[in-house]
K.L.:
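Got a structure here, written out as structure tokens. Questions coming.
Note that these values count all heavy atoms, side chains included, but never hydrogens, waters or copies made by symmetry. Chain letters run A, B, ... following the sequence lines, proteins first and then strands; every chain starts at 1.
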Amino acid sequence: MAEETIIKNSGAKLAAKDYATDQDVRWCPGCGDYSILKQVQSVFAELQLDRDETVFISGIGCSSRFPYYMNTYGMHSIHGRAPAFASGLRSINPDLNVWVITGDGDSLSIGGNHFIHMLRRNFNLNVLLFNNQIYGLTKGQYSPTSEKGKVTKSTPIGSLDHPFNPLALSLGADGTFIARSMDRDPKHMRAILLRAEQHHGTSLVEIYQNCNIFNDGAFFTFTEKETKGDTVLFIEQGKPLIFGANSDKGIKLDGFKPVIVDLKDTSANDLWIHDENDRVKASILTRFFDDPSTEGALPRPFGIFYVEKRDNYEDALITQLNKSIEAKGHGDLDALLRGNNTWEIK
Amino acid sequence: MAEETIIKNSGAKLAAKDYATDQDVRWCPGCGDYSILKQVQSVFAELQLDRDETVFISGIGCSSRFPYYMNTYGMHSIHGRAPAFASGLRSINPDLNVWVITGDGDSLSIGGNHFIHMLRRNFNLNVLLFNNQIYGLTKGQYSPTSEKGKVTKSTPIGSLDHPFNPLALSLGADGTFIARSMDRDPKHMRAILLRAEQHHGTSLVEIYQNCNIFNDGAFFTFTEKETKGDTVLFIEQGKPLIFGANSDKGIKLDGFKPVIVDLKDTSANDLWIHDENDRVKASILTRFFDDPSTEGALPRPFGIFYVEKRDNYEDALITQLNKSIEAKGHGDLDALLRGNNTWEIK
Amino acid sequence: MTAVKEIKDVVTILFAGDSGDGIQLTGGQFTDTAALLGNDISTFPNFPAEIRAPIGTVAGVSGFQLNFGSIEIFTPGDQCDVLVVMNAAALKVNLKNLKKGGVIIANSTGFDKRNLRLAKMDEEYTLQGDKRLEGYKVHEVDVTKLTRETLENSGLGTKAVDRSKNMFVLGFLYWMYDRPLDITIKFIEGKFKGKQDLIDTNIMVLKAGFHYGETCEAFPTQIVVKPAADIEKGVYRNVIGNEAAALALISAARKAGLQLFYGTYPITPASDILHTLSRHKNYGVKTYQAEDEIAAICSAMGASYGGALGVTASSGPGIALKGEAIGLAVSLELPLVIVNVQRGGPSTGLPTKTEQSDLLQVMYGRNGEAPVPIIAAQSPTDCFDAAYEACRIAIEHVTPVFFLSDGYIANGSEPWKVLKGDALPKITPKFAAARKEEDAPFLPYSRDEKLSRPWAIPGTKGLAHRIGGIEKENLTGNISYDPDNHELMTKLRQAKVDKIADYIPEQKLDNGKEGDKVLVLSWGSTYGVVKTAVKELREEGQSIAHAHVRYMNPLPKNLGTLLSKFDKVLMPEMNNGQFVKIIRDKFLIPAIPYNKIQGLPFFTHELKEKMTEVLNAK
Amino acid sequence: MTAVKEIKDVVTILFAGDSGDGIQLTGGQFTDTAALLGNDISTFPNFPAEIRAPIGTVAGVSGFQLNFGSIEIFTPGDQCDVLVVMNAAALKVNLKNLKKGGVIIANSTGFDKRNLRLAKMDEEYTLQGDKRLEGYKVHEVDVTKLTRETLENSGLGTKAVDRSKNMFVLGFLYWMYDRPLDITIKFIEGKFKGKQDLIDTNIMVLKAGFHYGETCEAFPTQIVVKPAADIEKGVYRNVIGNEAAALALISAARKAGLQLFYGTYPITPASDILHTLSRHKNYGVKTYQAEDEIAAICSAMGASYGGALGVTASSGPGIALKGEAIGLAVSLELPLVIVNVQRGGPSTGLPTKTEQSDLLQVMYGRNGEAPVPIIAAQSPTDCFDAAYEACRIAIEHVTPVFFLSDGYIANGSEPWKVLKGDALPKITPKFAAARKEEDAPFLPYSRDEKLSRPWAIPGTKGLAHRIGGIEKENLTGNISYDPDNHELMTKLRQAKVDKIADYIPEQKLDNGKEGDKVLVLSWGSTYGVVKTAVKELREEGQSIAHAHVRYMNPLPKNLGTLLSKFDKVLMPEMNNGQFVKIIRDKFLIPAIPYNKIQGLPFFTHELKEKMTEVLNAK
Ligand SMILES: Cc1ncc(C[n+]2csc(CCOP(=O)(O)OP(=O)(O)O)c2C)c(N)n1
Ligand SMILES: Cc1ncc(C[n+]2csc(CCOP(=O)(O)OP(=O)(O)O)c2C)c(N)n1
Ligand code: SF4
Ligand code: SF4
Ligand SMILES: [Mg+2]
Ligand SMILES: [Mg+2]
């Protein structure tokens, strides 16, 4: 696709900034959204994706302002419904490269139903879920990913709901590409975005994103140098699960139970080898979801948890339609209007 | 609770029929819904549940007519929203015994979002999901649980969507009680209903239900004597996974991969022992979801897949409220109206 | 025995029985035969809400009313001449629908103890003993027994045998009304293709019914209804309203050179449009059964955004759910057709019954100032024209449009003169052309003489742009919070809808003339019955006229002037008075509402009574 | 230097600056001080849509307008006397809001090159060089520099120092308007409790600003606005509209002896009600942040069904989503309060701006015939009374009720005479009593003199019954498809809502008298400004009267008669004409719409112009 695109763009190579619009970016200074925008623009430049063949569709939220900043086609729709718009669009034009941009409230609160149905139908979309564990745009209420006990504008003495585990939910909804990245690690994000763009099906990328106004530092244990080493587990296909500031710790499976081992005592060969095609392993990995401050907490995995090849809806739709035309012939309008039973009045 | 109820009912013991209303039951003759109704009434009689302390809430669908036939309080609400009504009701009166009745379309199509949020919040509800893999009330369109390729009124040349695996989805949504039963095995249903009623949290019971008008026989491989033996796996806590017409087959785990073994070759001790408190095992079990007609298909499990103890929302709500009253005193209306900053005009 | 033949202009038959009795099929066959013989016809099926309510109960009664004649017909008839009842419950429910002195044909077995009990009637009841039936012509026919006897040696089980008893009734009625059997025989052959035993037995029973008529002494007279003389010459077919709407959508997309994308969620009585469309994939139709109504409309908007004709459909409760998204469609200004097949409300209401009670919802049921054009169909065949027109306006004016139908015309059928695709009006989408870098910047919210904006579809070179639901700057479409811009855009969106009035026909009188004393102003599915009532009153010499509105928003430009030509305006509606609110507001005339809210269409006699009352009032 | 003191009746100040400049807080403090000194006040905060738009840009400008006086005040004022601007963008946006010849107080550092660039202004711009400012009194104060100098030795970082510059401005204005500092000092002590350094520095800066006023030669005159004489004696507090609504909900539940359950989903500008309620759990308030608006209303209905006061709230788009469920509420006939804090539409529209454009949505935005009573608040304090009244009607008439507010009054504030709980009207829920087996069967759809049905809550002995959204049989509530029953129930539901007219006050004139030439008929948040305009015109001798409607459905019984007493009826609305449609329909009078659709309230002068035009027209 990249090559063809360059030709379409009449040979002129596009830089990241060519994917930016002339609109002022209106996120709060310091918001994690900026870095995600930048990475997406870079990846677009890297792949030389065609601006006129690309559509960004979002719901409502700070994150959902994203399409205004991409010099492509874009639709800022209504709260939670971006997947539904994308499904119709892909169904009638599968040549378009469609990206869905959504927040944790947008996708998992009001939009939860469309989210899970999109995953099971496996439309070919790249979905970036900006998870900041808060409602940013409405000025700081807790979200379905906020930890229990969260103090926010709407929960001044602490929230009561058990939060979703977005990746476990996605796996339960039969998602075919499930990944996690973070705003503060551009390199990692780049790698994940490239893979997401390759996947033919719904590529779900959860991105931990700092809302420095209403939920500052929610992910700092995972994103800041001081703590990251011991709390983050980068998972890579075919590689053993190793982490730690000095890459000195690993994960082994004791039956179904993942345990942290010291690499001084255990050889890397005995560690859990990441296999992104193994759904059971992926489901255990998604459950590495401990509060990092608890004693013996498992590290939080980042990377691609699970990939599966499965027909996507729009391809099946088009195949069925073509088969139907093959079988019955391209519908004749007059025949349709005439129907099967006529009579004549003379 | 049972004992107290009997007293409330002034000592008169209620029979199953005392839980029936005077309204004509209007399902199609032969519909699987009848047997579920009967079992629920029997279980109510068995536990002597108080009619006036019980509320059945349903959405819309054939199955959702259920409340009209239970001589308790009941609300036949709108399509897909029963969990939301139930959440409000439980929040303001946690003494009520609330049952949610829903269909596969009601709960997993239009109601999917409320369904997953109910599970994560873990309201104390008994949820009976009548899965007939079809929209009955609207006369036979495919549903989110219909197998791919299903020929229905709305898909005359076959459906295209990959169906949900309802129990995998429920587990992904952090459900705390996940079970499956079937309309044609009253004994099994009774056992599951009793456990569901005991569980303090959202008890999700998927019931395979035959719609003999629009999807007749969808589950016959699992429900009819001729085939049941080899296709159904009844799972029981602490027991090995054994099945087969002559109980001659078992399930073993090869790594994470469940395999069918012949009990002639393998001892029951080496089989997978069912542990309903193990989420990883439960998640593998929910994935026993093969088309039973495929070669080497795993049997379909029935029983309680997973149980977890977790706070439910309404208890936490009430605790928080009480704590707040303890801390600040029972709110004084005059103080509220006065606020913190006043001045006097003389 | 050769029967005497009596000639009649018009006959109304009501078939009624248990939902399992094949009533709809029997009615449908009689309809087809009548149509093929050149009668004018109109039908009204009336189902129970349950899929299969318990057999034999009042709740389970299904009805099919057919009006056919040698004169022009606009309604399924008020009360029927002949009431066919397959069981006691059917009589209990429908006796009130039979004309005084009419004929009852009753299936004896349907009045046995079991059936009487199920119908909650006295077990000792007999037709002969029923005082209320005095003055009616009651014919008991033991259909069940006769059918069984006919198929005694067929080898079929009793269940299968009993299932064909409707063919006996049909054959009998064919005899009564002097109709040939061949059309139904052809139908049977098609339906049971490959199952020769069923073909044979059904035909046997059909013929047995016919012969029973010939032989039985009870009916010395056959009734003849000649082909309708006034019907335009040509080739005809029968069409059900929902089917007609589906055909219109396919045709409009075809004529506009667009893909048709139909995003919907099943709901009675709209689902049959989905069912029809899904059988026409080879016409390039993409149907999408979404997870709910919101996803349905949003998927259709996604398709429209991509350059297809996006259509979504539902009935009242589902339309309510779409309100927020319709607001977005207004703001985005994209073509979109929203079909509302109305049913009885509020809430779940009366799902299988008809009502016109969503007019105000479709007019106003969204936040903010969000005007949407509305077109209402007036009959089953008009579902084609009105839906086609809705598509035309949506595409050419680049706007969401409501197409309003209701359960009555959606399920009813009429003969329809076969159209050629060439005869359909052209539809021209207004796609924005690709641009080169040196071209002036693209302005997605610039407007043409219709005040509509260009349809700029993704994939077009040089048109990359962003749209959304926040207020947009005029021309550029960028987000704008500017106060004056908001006022301007609000007025532009309204003006664009108002402007459609320049592109639609003026309001005409359907009957009568300016200066008549009373104008009856109707809309939607009441057309046929209002037309009939006015026609009859005019024939009686009354000064009454009739105008029927199909363009509900914007209203035809001349409507106000037209209304001012009459002393009184009477507005019958199957709701508690909705269009009348709009008319009174717009034109400040004391239009008189007349309402029926029974989930049922008006009867001609009800209307005539009301009209007479208004005519006679000072 | 002792300044001369000048006495004024009323002063309007507009504070404007970057969202990060603490504008709302500054305005709020000045308001509190003015209130405590006994001025009458009215405020209007005006936020940008972004959380933190890029600093210094036009998009990031936040404003707070305050009108205070020794006379009665009903609006935040049209244009201001004093415009305080913290940066160039703030001046750019707000110059048009300053009276000709008014005072500008500008922060010099806010006009440096960086800020000019951010405001997209010429980098060479100077206030002195700006021709447009001729005739204004411009005072540059280098607030940033002065603040930094004040805190030179405080040890605080620059960021923290700069954050307190709003205190300098506040101190300066306190001097200008001869106000004491103690109220704000108390506030600072509370806000920074435990952080003594911040308390000290903020107070230092506040005082520095005050002293700067004293010392600086530029302002020889202090302006004195005396306490308002006409204000009723008593204890007052300040209250914001949304806060008042929240207090009303708690109070109504308390007075009715019910739990309050508030099920909602956040949306601007309704969320603050949730925020306020969630701080009052010790009043037995249960707040529930649902997954979406549909779950929110359904959870509230579940709570109502269980015997609590169920309330749900949203703004336009969310209300649209609730339409289907509201239909069920109508059908179930349960108490429910639906709060709609309106904002600019359609679709996402102008989320932080105000509009009255949901009236028709709340009136008609549901399928079927589904009437719902509607009550609209007229001012921030009236949000209390109107919301309380909505609760009363919901509970006593056992019905869903809409409470309409809008962004303007929801965020605006007013002094409010402190109420005692005892003074609030009683609210009596109509719970059905428990029954014994030998009692007559319970009839959930029987009705009392209000035509309302009993509230039969689960857990009550002997009342087990089933309700739902399908049409119900009169009295029993069982499912019924009977045509006549449906008509009866539809009419009963309507009659029940209409009946409320017997339990609400008759419509009164707010000003003027019957027989005046023009009646201005307003509703909702336009109250204050219409009142002011009419008052001024009457003072000028014009024959103009004013009536303000709060009961939008049903309308007061005497409204039609009242309207007929005037030659002309003028209806100003912040929409494209909605209430005017209802009035024209009901009373067939040529009411004249006057509309502003700018996301902003009317100005007095705009209204006076229009009123004068109508007065002068033939
Ligand atoms: C129908 C509807 N309901 C509510 C809102 C208000 N709203 C806007 S964004 C939002 C949530 C934002 O949270 P999230 O999706 O996490 O995005 P973020 O701002 O954190 O990026 C809400 C509740 C709306 N715009 N529309
Ligand atoms: C808002 C809304 N949309 C659609 C419908 C139509 N409808 C009623 S039931 C139903 C689906 C029924 O399927 P399911 O939940 O599986 O129940 P079943 O009838 O199979 O028991 C649908 C689509 C409705 N009543 N309301
Ligand atoms: S509120 Fe939070 S998420 Fe929104 S723009 Fe600001 S920092 Fe980013
Ligand atoms: S349609 Fe199917 S699910 Fe519905 S009542 Fe009939 S058999 Fe049961
Ligand atoms: Mg968020
Ligand atoms: Mg179903």
K.L.:
About how many Å separate CG of L321(D) and CG of L321(C), when rounded to the nearest 0.5 Å?
P.N.:
8.0 Å
K.L.:
What's the spacing between M363(D) CE and Y364(C) OH if we round to 0.5 Å?
P.N.:
11.0 Å
K.L.:
Under 3.5 Å, is there a donor-acceptor pair between the side chain of D585(D) and the main chain of I582(C)?
P.N.:
no
K.L.:
Ignoring hydrogens and geometry, is there a side-chain-to-backbone donor-acceptor pair from E471(C) to L350(D) under 3.5 Å?
P.N.:
no
K.L.:
Quick one: of N576(C), D482(C), L359(C), who has the most non-hydrogen atom pairs under 4.5 Å with chain D?
P.N.:
N576(C)
K.L.:
Between atom CG of N367(C) and atom OG of S314(D), what is the distance when rounded to the nearest 0.5 Å?
P.N.:
9.0 Å
K.L.:
Heavy-atom pairs under 4.5 Å with chain D are the metric here; pick the option from I319(C), V330(C), N575(C) that has the most.
P.N.:
N575(C)
K.L.:
With a 4.5 Å cut-off on heavy-atom pairs, point out which of L600(D), V93(D), L360(D) contacts chain C the most.
P.N.:
L360(D)
K.L.:
Counting only non-hydrogen atoms closer than 4.5 Å, does I294(D) touch chain C with its backbone (N, CA, C, O), its side chain (CB onward), both, or neither?
P.N.:
side chain
K.L.:
Do you know the tightest heavy-atom contact between E369(D) and G577(C)?
P.N.:
OE2-N, 4.1 Å
K.L.:
What are the two closest non-hydrogen atoms of G368(C) and D358(D), and how far apart are they?
P.N.:
N-OD1, 2.9 Å
K.L.:
With a 4.5 angstrom heavy-atom cut-off, which part of Q578(D) approaches chain C: side chain, backbone, both or neither?
P.N.:
side chain
K.L.:
Out of L588(C), V580(C), I583(C), which one racks up the most heavy-atom pairs below 4.5 Å with chain D?
P.N.:
L588(C)
K.L.:
To the nearest 0.5 Å, what is the distance between CZ on R584(C) and CZ on R584(D)?
P.N.:
12.0 Å
K.L.:
Check each atom of E355(D) against the heavy atoms of chain C and say whether the ones under 4.5 Å are side chain, backbone, both or neither.
P.N.:
side chain
K.L.:
For the CG atom of D484(D) and the CD1 atom of I597(C), what is their distance to the nearest 0.5 Å?
P.N.:
11.5 Å
K.L.:
At a heavy-atom distance under 4.5 Å, which candidate from G316(C), S480(C), A591(C), P483(C) has the highest pair count against chain D?
P.N.:
P483(C)
K.L.:
Quick one: does P346(C)'s side chain get under 4.5 Å of R493(D)'s, heavy atoms only?
P.N.:
yes
K.L.:
Are any non-hydrogen side-chain atoms of Q598(C) and E487(D) less than 4.5 angstrom apart?
P.N.:
yes
K.L.:
Please rank G365(C), G468(C), G349(C), P590(C) by heavy-atom pairs under 4.5 Å with chain D and give me the top one.
P.N.:
G349(C)
K.L.:
Heavy atoms only: give me the nearest G599(D)-H486(C) pair and the separation to one decimal.
P.N.:
N-CD2, 3.9 Å
K.L.:
At a heavy-atom separation under 4.5 Å, does Q494(C) approach chain D through its side chain, its backbone, both, or neither?
P.N.:
side chain
K.L.:
Applying side-chain hydrogen bond (donor to acceptor under 3.5 Å, both in side chains), which residue pairs with at least one partner in residues 345-354 of chain C are found, sequence neighbours left out?
P.N.:
N46(C)-K353(C), T354(C)-D406(C)
K.L.:
So which of P317(D), A329(D), A320(D) has the largest heavy-atom pair count under 4.5 angstrom toward chain C?
P.N.:
P317(D)
K.L.:
Once side-chain hydrogen bond (donor to acceptor under 3.5 Å, both in side chains) is applied, what residue pairs with a partner in residues 319-334 of chain D remain, sequence neighbours excluded?
P.N.:
T312(D)-K322(D), S331(D)-K472(D), E333(D)-R447(D), E333(D)-K496(D)
